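So the structure is just underneath, and the comments pick up after that.
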Amino acid sequence: MVVEDTSKRDSKDVAQIKTFRNFGVIAHIDAGKTTFSERILFITGKNHKIGEVHEGAATMDYLEEERKRGITITSAATTCYWRDHRMSLIDTPGHVDFTAEVERSLRVLDGAVGVFCAVAGVQPQSETVWRQANRYKVPRVAFVNKMDRTGADFYKAIDSMRKRLNANPVPLVMPIGKEKDFRGVVDLVHMNSCIWSEDDAREMTVGVIPPELLAEAKVRREQMVEAIADADDKLVEKFLDGTEITVAEIQAGIRKGALELKFTPVFCGSAFKDKGVQQVLDAIVDYLPSPLDVPAIIGTNPETDEKVEREMLPSQPFSGLVFKTISDPNGDLTFIRIYTGEMKQGEKYYNARLRRYERIGRLVRMHAAQREPIDIARAGDIVAAVGIRDSITGDTLSTREDPVVFEAMNFPDTVISMAIEPKVSSDRDKLADVIAKFLREDPTFKARTDDQTGQMVISGMGELHLEVKCNMIMNDYKIPVVVGRPKVAYKMTLKGPKDVEARHIKQSGGSGQFAVARVRFTTDPEIEEFEFVDAVKGGSVPREYISSVSYGIETAVKGGGRIGFPFVKVRAELYDGQSHDVDSSTMAFEAAGGLAFRMASENNSQLLEPIMKIEIEAPEEYTGDVIGDLSSRRGIVEEMTAKPGGLSAVLGKVPLSEMFQYSTSLRSMTQGRGQYTMEPASYDPVPPNIAEKVLAEHGAQK
């Protein structure tokens, strides 16, 4: 019998995995993410022609809606190579309506490149994606883009990173020239100049630093070395002693600080002109982690609830996380990050949530919409599988012998909804099938049937989100539909605490129904939706009925009572009750729970509405009109800042209900020169006079 030397195989695997880089490109809309991604594909040789976003030809924006709008809607994955390293790149959307795409991408990526506009600096969605990367502890490098634009300011952009992101950016380069005269950078690590060719910016001349910039470069390098040394005790000693720190030591310090999230290395350039992209590619290789640099993956054994920790090696039992699904005429695609072990075509893998197997029909490596067939995927790979039927975003696949479940992603609640129905009744089943596909693909898209009207109601993250879905239904699936006016996803909470005694007692021949529940209701801002506390003592409510009370209350809380808006931030404490030996049942105590909440919420409810964080950018001469209009919409201005080019930025908060069709109003006010971005901020109480109108309107509809 031949015994395999697994130590040699592990050694080979480790050497290979060290050359993997799984990273995403994240930023605000229009900061240049997709342009940057297209340049990576061109420079690495993956594409032989550059796909321009403004021409609707970008490789990574392959959906028809993306090409028409010139924005990224769904994250696209591809693989390319640089300096003998394999790079799995995911280009993510920048619009807040598609933030779920960023969330699930960052969950499975090892690193990220944050792209910032040199003119606008940190913009609202940049803050959102940065927070998402912080939550998943993703190391980053930053690229300040559009350095050749009028008003570009590298150091102002870096300062905005410090202020708005609470980040610690460390510039590794210094720009040579600015705006239209931007022509190169000083490499502060190697202390040389890099000047791009006018004809082809992929060609770069490395030489001495121009004499007029040498003094500033020395100061900037000293600041860089000091920042790097702060993250490494050995370098601190050398820095304080005044000992020369070598280039190799500086690079090791940068990598250590970046991986430990102590600072973010920053580069600059112009992706559209190919300037600076190669240096970022080098930084991805040198400073972002391989899968082996990421801490061991921790999950839970679904059979025993014990913690499971595994090193990311092919020799470990197989495990992978489903992070995206796409419906496709050529076979639905399920995107999987392989954390440990190996996944083979044709094999079966266990889904603990479903408690059954999923068979892998085919394995492919994606290049945007193109598929490259592969036979096997190993630890560190990001691949797509064809043939998986029921696994959805957040599910873990593993072996039955060594089952594991990894932490899934959390997605924000929907904030807007609208009714949708087919123009022709015969299309009703086709529409239902398409909606079911959307539900499987997009965890921030919801659909339900209204009990009163029988209409289908779809919900999403914003007007654009639902508009894109409706356009896909009509254009891609050829189903003409009629849509209603968008509606806000209101919620409710209790005005204050309330103790109730709910008595569900019925006697009508035979066995009756008897249940008494005494419940104390309170609100807590730390609770997402509902929390149940069992405070029963002495057996006044038998143990087998306590979960029934909880279920009854929770159903009523989510149902929203007469109006139908779900309640949130509710804590229910069951502290006493009564039962009957013969007439008590789970059904009776469920009914008592529901009754308890109806009693607590009667004349004790408060309507909540989604409040949006907004940033409006417009010429200074229109700022007064913009602020006045925002105030008329119940908005609050929190900050105003001057922008290059005679622009002003107005930051504030405003109720979503007041912002439908705002883009049309803003264009009218600013002669088409204003633009804005919004993202959800909170749910706040609705003023009483407006709440009365909303409740009356929805009450009438019910």
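Because the structure is predicted, anything quoted here is derived from the model rather than measured.
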Check your understanding: Would the number of heavy atoms belonging to other residues, nucleotides or ligands and lying under 6.0 Å from NZ of Lys262 be above 12?
Key -> yes
Study note, to complete from the structure: CG of Leu630 to CG of Asp625, rounded to nearest 0.5 Å, is 12.5 Å
Point to revise | Student check: side-chain heavy atoms of Thr205 and Ser197 closer than 4.5 Å | key: no
Review point. Is Glu249 salt-bridged to Lys234, cutoff N-O under 4.0 Å?
Key: no
Check your understanding: Relative to Tyr155, does Arg220 satisfy both conditions: NZ or CZ under 6.0 angstrom from the six-membered ring centre, and within 45 degrees of the ring's axis?
Key -> yes
Point to revise | Heavy-atom closest pair, residues Asp110 and Ser290 | key: OD2-C, 4.2 Å
Practice item. Return the minimal non-hydrogen interatomic distance between Tyr662 and Val626, and the atom names on each side. Key: OH-CG1, 4.3 Å
Exercise for review: Identify whether the distance between the nearest side-chain nitrogen and carboxylate oxygen of Glu617 and Arg673 falls below 4.0 Å.
Suggested key: no
Check your understanding: Only one of Thr44, Leu89, Ile40 clears side-chain contact (heavy atoms from CB on, under 4.5 Å) with Thr78; which?
Key -> Leu89
Check your understanding: Could you walk me through whether Leu321 and Tyr339 pass the side chain to side chain contact (heavy atoms under 4.5 Å, CB included) check?
Key -> CA-CA 8 Å; Leu321 183 71; Tyr339 282 108; 3.8 Å; yes
Exercise for review: Take Glu38 and Thr35 through the test side chain to side chain contact (heavy atoms under 4.5 Å, CB included) and record every step on the way to the result.
Suggested key: CA-CA 5 Å; Glu38 293 294 322; Thr35 300; 5.7 Å; no
Exercise for review: Measure the shortest side-chain to side-chain distance between Leu172 and Val170 over non-hydrogen atoms and say whether it is less than 4.5 angstrom.
Suggested key: yes
Exercise for review: Output, in order, the C-alpha distance, side-chain angles, deciding distance and verdict of ring-ring contact (aromatic ring centres under 6.0 Å, His included) for Phe36 and Phe143.
Suggested key: CA-CA 9 Å; Phe36 177 79; Phe143 179 65; 5.2 Å; yes
Check your understanding: Is a donor on one side and an acceptor on the other found under 3.5 Å between the side chain of Glu179 and the backbone of Gly151?
Key -> yes
Review point. What do you reckon, is CD of Glu198 surrounded by more than 12 foreign heavy atoms closer than 6.0 Å?
Key: no
Practice item. Show the numbers, then the answer: is there a side chain to side chain contact (heavy atoms under 4.5 Å, CB included) between Phe116 and Lys146? Key: CA-CA 8 Å; Phe116 299 91; Lys146 303 185 181 182; over 6 Å; no
Check your understanding: Looking at Trp130, is Arg135 sitting on its ring face, NZ or CZ under 6.0 Å from the six-membered ring centre and within 45 degrees of the normal?
Key -> no
Check your understanding: Are the side chains of Val266 and Phe154 in touch, meaning some heavy atoms are under 4.5 Å apart?
Key -> yes
Review point. With a 4.5 Å limit on heavy-atom distance, are the side chains of Gln123 and Thr677 in contact?
Key: no
Point to revise | Exam field: side chain Asn22 to backbone Met87, donor-acceptor pair closer than 3.5 Å | key: no
Check your understanding: Is Glu127 salt-bridged to Lys613, going by a charged N under 4.0 Å from an acidic O?
Key -> yes
Check your understanding: Is there side-chain contact between Ile17 and Met312, with heavy atoms separated by less than 4.5 Å?
Key -> no
**Study point:** Stepwise side chain to side chain donor-acceptor pair (under 3.5 Å) check, Thr393 with Arg104
**Key:** CA-CA 8 Å; Thr393 298; Arg104 55 185 173 190; 3.1 Å; yes
Check your understanding: Only one of Met612, Gln125, Lys653 clears side-chain contact (heavy atoms from CB on, under 4.5 Å) with Met678; which?
Key -> Met612
Review point. What are the two closest heavy atoms between Ala157 and Val144, and how far apart are they?
Key: CB-CG1, 4.0 Å
Exercise for review: Indicate whether the side chain of His85 and that of Thr19 have a donor and an acceptor atom separated by less than 3.5 Å.
Suggested key: no
Review point. Are side-chain heavy atoms of Met147 and Lys178 found at a separation under 4.5 Å?
Key: no
Practice item. Taking atom CD1 of Ile636 as the centre, report whether more than 12 heavy atoms of other residues, nucleotides or ligands fall under 6.0 Å from it. Key: no
Check your understanding: Do side-chain atoms of Arg255 reach the backbone of Asp286 as a donor and acceptor pair under 3.5 angstrom?
Key -> yes
Check your understanding: Taking 4.0 angstrom as the limit, do Glu679 and Arg131 come out as a salt bridge?
Key -> yes
Exercise for review: Identify the heavy atoms of Trp82 and Leu281 that sit nearest to each other, and give their distance.
Suggested key: NE1-CB, 3.5 Å
Check your understanding: With no hydrogens and no angle check, is any side-chain donor or acceptor of Arg21 less than 3.5 Å from a backbone partner on Leu288?
Key -> yes
**Study point:** Lys469 to Phe445, cation-pi by 6.0 Å centre distance and 45° axis angle
**Key:** yes
Point to revise | Glu260, CD: over 12 other non-hydrogen atoms inside 6.0 angstrom | key: yes
Practice item. Grab the two heavy atoms, one from Val654 and one from Ile614, that are nearest each other, plus how far apart they are. Key: CG1-CG2, 4.1 Å
Check your understanding: Do you know which of Lys273, Lys180, Lys275 makes salt bridge (Lys or Arg N to Asp or Glu O under 4.0 Å) with Asp148?
Key -> Lys273
Practice item. Answer yes or no: is there a donor N or O on one side and an acceptor on the other, between the side chain of Arg39 and the main chain of Phe272, under 3.5 Å? Key: yes
Check your understanding: Which atom pair, heavy atoms only, marks the closest approach of Ala31 to Asn145?
Key -> O-ND2, 3.0 Å
Practice item. Please check if atom CZ in Arg149 has more than 12 non-hydrogen atoms from other residues, nucleotides or ligands closer than 6.0 Å. Key: no
Review point. Would you call Asp282 and Arg83 a salt bridge, using N to O less than 4.0 angstrom?
Key: yes
Check your understanding: Roughly how far, to the nearest 0.5 Å, is the CZ atom of Phe406 from the CD1 atom of Ile297?
Key -> 5.0 Å
**Study point:** Atom pair CZ (Arg221) and NE2 (His190), whose distance is rounded to the nearest 0.5 Å
**Key:** 9.5 Å
Practice item. Would you check if the side chain of Ser668 reaches a backbone N or O of Thr664 as a donor-acceptor pair within less than 3.5 Å? Key: no
Review point. Do the side chain of Ser126 and the main chain of Val122 share a donor and acceptor less than 3.5 angstrom apart?
Key: no
Check your understanding: Rounded to the nearest 0.5 Å, what separation is found between the OG atom of Ser105 and the CD1 atom of Ile90?
Key -> 4.5 Å
Check your understanding: Should the heavy atoms of other residues, nucleotides or ligands under 6.0 Å from CG of Asp684 be counted, would the total exceed 12?
Key -> yes
Review point. Hey, are the side chains of Ile382 and Leu109 touching, using non-hydrogen atoms and a 4.5 Å cut-off?
Key: yes
Check your understanding: If you measure from the Lys or Arg side-chain nitrogens to the Asp or Glu carboxylate oxygens, is any gap between Arg164 and Glu615 under 4.0 Å?
Key -> yes
Practice item. Go through Lys137 and Leu261 one step at a time and tell me if the side chain to side chain contact (heavy atoms under 4.5 Å, CB included) criterion holds. Key: CA-CA 7 Å; Lys137 295 182 170 57; Leu261 304 179; 3.8 Å; yes
**Study point:** Test item: Ile26 and Val115 side chains (from C-beta on) under 4.5 Å apart, heavy atoms
**Key:** no
Practice item. Look up atom NZ in Lys218 and atom CG in Leu188, then write down how far apart they are to the nearest 0.5 Å. Key: 13.0 Å
Review point. Under 4.0 Å between a Lys/Arg side-chain N and an Asp/Glu carboxylate O for Arg337 and Asp381?
Key: no
**Study point:** Cation-pi geometry met for Arg107 and Phe323 (6.0 Å, 45°)
**Key:** no
Check your understanding: Do Phe98 and His465 have ring centroids that are under 6.0 Å from one another?
Key -> yes
Exercise for review: Verify, without hydrogens or angle tests, whether Ser193 (side chain) and Gly207 (backbone) share a donor-acceptor contact under 3.5 angstrom.
Suggested key: yes
